[in-house]
Amino acid sequence: LVVNGSLTVKPKELTVSVTSTKTKTYDGNTALPSLTFGLTTPFAADLVEVTGTGNYASKDVGTTNYTVDGLTLTGTDAANYYVQGGASASITGTDGAINKATITVTPRQGQSKLFGTSDPTLTYDYNGEANGETPGFTGSLTRSAGESNGAYAISAGTLALTDNSA
């Protein structure tokens, strides 16, 4: 008896999900950082992982949609699997969030005035802005009341950030 034939082993379909947080602090771009993924139903002993790139629909603070694409299987057993949806597979979601960044304002050192003169405009430096952006401010710093010789605390006064992204 001679039997000629073949059996084709086809790759197994995997479903990909985003397991990392979909929340970040405002940084001026739409990139969804530090993505990690879950794969449903690969065989336990197989070495297979997935990579991809994610972007929010908007760079602005608030709840936002996102899309992850470029899903690619890697690992020594990756050839035994394929991602549900094939080469154009993507993951979309509505639970992305971008939180406000913290801008720190620090009064400049060495500010002073002579007794009996008007207060100078109090100056400050800031940090925490997103790369390539310059935050806008309105208002001014103020100082504790008093005219006698001595040091007076400087406070925020009416200084306010006018930019909605931080």
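Only this structure's heavy atoms are used, side chains among them; waters, hydrogens and symmetry mates stay out. Model, not experiment: these values are computed from the prediction.
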message: Are more than 12 heavy atoms, taken from residues, nucleotides or ligands other than Asn131, located less than 6.0 Å from that residue's CG atom?
response: no

Give me the atom names and distance for the closest heavy-atom approach of [X] to [Y].
{"X": "Ala101", "Y": "Gly128", "answer": "CB-O, 4.3 Å"}
{"X": "Ile154", "Y": "Pro107", "answer": "CG2-CG, 3.8 Å"}
{"X": "Ser112", "Y": "Pro120", "answer": "O-CG, 3.7 Å"}
{"X": "Gly28", "Y": "Ala130", "answer": "N-CB, 3.9 Å"}

- request: Enter the distance from Ile98:CD1 to Lys22:NZ here, rounded to the nearest 0.5 Å.
  value: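 Going from CD1 on Ile98 over to NZ on Lys22, the span is 14.0 Å.
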
Can you pull the salt bridge (Lys or Arg N to Asp or Glu O under 4.0 Å) pairs that have at least one residue in [range], sequence neighbours excluded?
{"range": "residues 1-16", "answer": "none"}
{"range": "residues 24-38", "answer": "Lys24-Asp27"}
{"range": "residues 139-158", "answer": "Lys113-Glu147, Asp119-Arg143, Arg143-Glu147"}
{"range": "residues 30-58", "answer": "none"}

- request: For a side-chain contact (heavy atoms from CB on, under 4.5 Å) with Thr94, tell me which candidate from Thr64, Asn65, Thr63 qualifies.
  value: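 Answer to the side-chain contact (heavy atoms from CB on, under 4.5 Å) test with Thr94 among Thr64, Asn65, Thr63: Asn65.
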
Test applied, side-chain contact (heavy atoms from CB on, under 4.5 Å); reference residue, Leu73; option that passes from Val48, Thr51, Asn80: Val48

Hey, any chance [X] and [Y] share a hydrophobic cluster, counting ILVMFWY side chains that come within less than 4.5 Å of each other, even indirectly?
{"X": "Val68", "Y": "Tyr82", "value": "no"}
{"X": "Leu47", "Y": "Val83", "value": "no"}
{"X": "Leu122", "Y": "Tyr124", "value": "yes"}
{"X": "Phe37", "Y": "Leu32", "value": "yes"}

- prompt: Would you say the side-chain atoms of Thr19 pair up with the backbone N or O of Thr36, donor to acceptor, closer than 3.5 Å?
  reply: yes

message: Is it the case that the side chain of Thr30 and the backbone of Ser58 share a donor-acceptor pair, with hydrogens and angles ignored and the cut-off at 3.5 Å?
response: no

Contact check, side chains of [X] and [Y], non-hydrogen atoms, under 4.5 Å:
{"X": "Asn127", "Y": "Asp125", "value": "no"}
{"X": "Thr67", "Y": "Ile91", "value": "no"}
{"X": "Tyr66", "Y": "Asp95", "value": "yes"}
{"X": "Leu39", "Y": "Val50", "value": "yes"}
{"X": "Leu161", "Y": "Pro135", "value": "yes"}
{"X": "Tyr26", "Y": "Glu133", "value": "yes"}
{"X": "Gln111", "Y": "Thr123", "value": "yes"}

message: The criterion is ring pair (Phe, Tyr, Trp, His ring centres under 6.0 Å); which residues satisfy it with Tyr81, sequence neighbours excluded?
response: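 With neighbours one apart ignored, the set is empty.
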
message: Please verify the inter-ring angle class for Tyr126 with Phe137; under 30° counts as parallel, over 60° as perpendicular, anything in between as tilted.
response: tilted

query: Are Val105 and Leu159 close enough, and set up right, to give a side chain to side chain contact (heavy atoms under 4.5 Å, CB included), and what steps lead you there?
result: CA-CA 9 Å; Val105 173; Leu159 189 69; 3.8 Å; yes

field: Check against side chain to side chain contact (heavy atoms under 4.5 Å, CB included), Asn29 and Lys59
entry: CA-CA 5 Å; Asn29 68 61; Lys59 71 177 183 77; 5.6 Å; no

field: Summary of side chain to side chain donor-acceptor pair (under 3.5 Å) pairs that have at least one residue in residues 148-160, sequence neighbours excluded
entry: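 Sorted pair list: Thr142-Ser155.
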
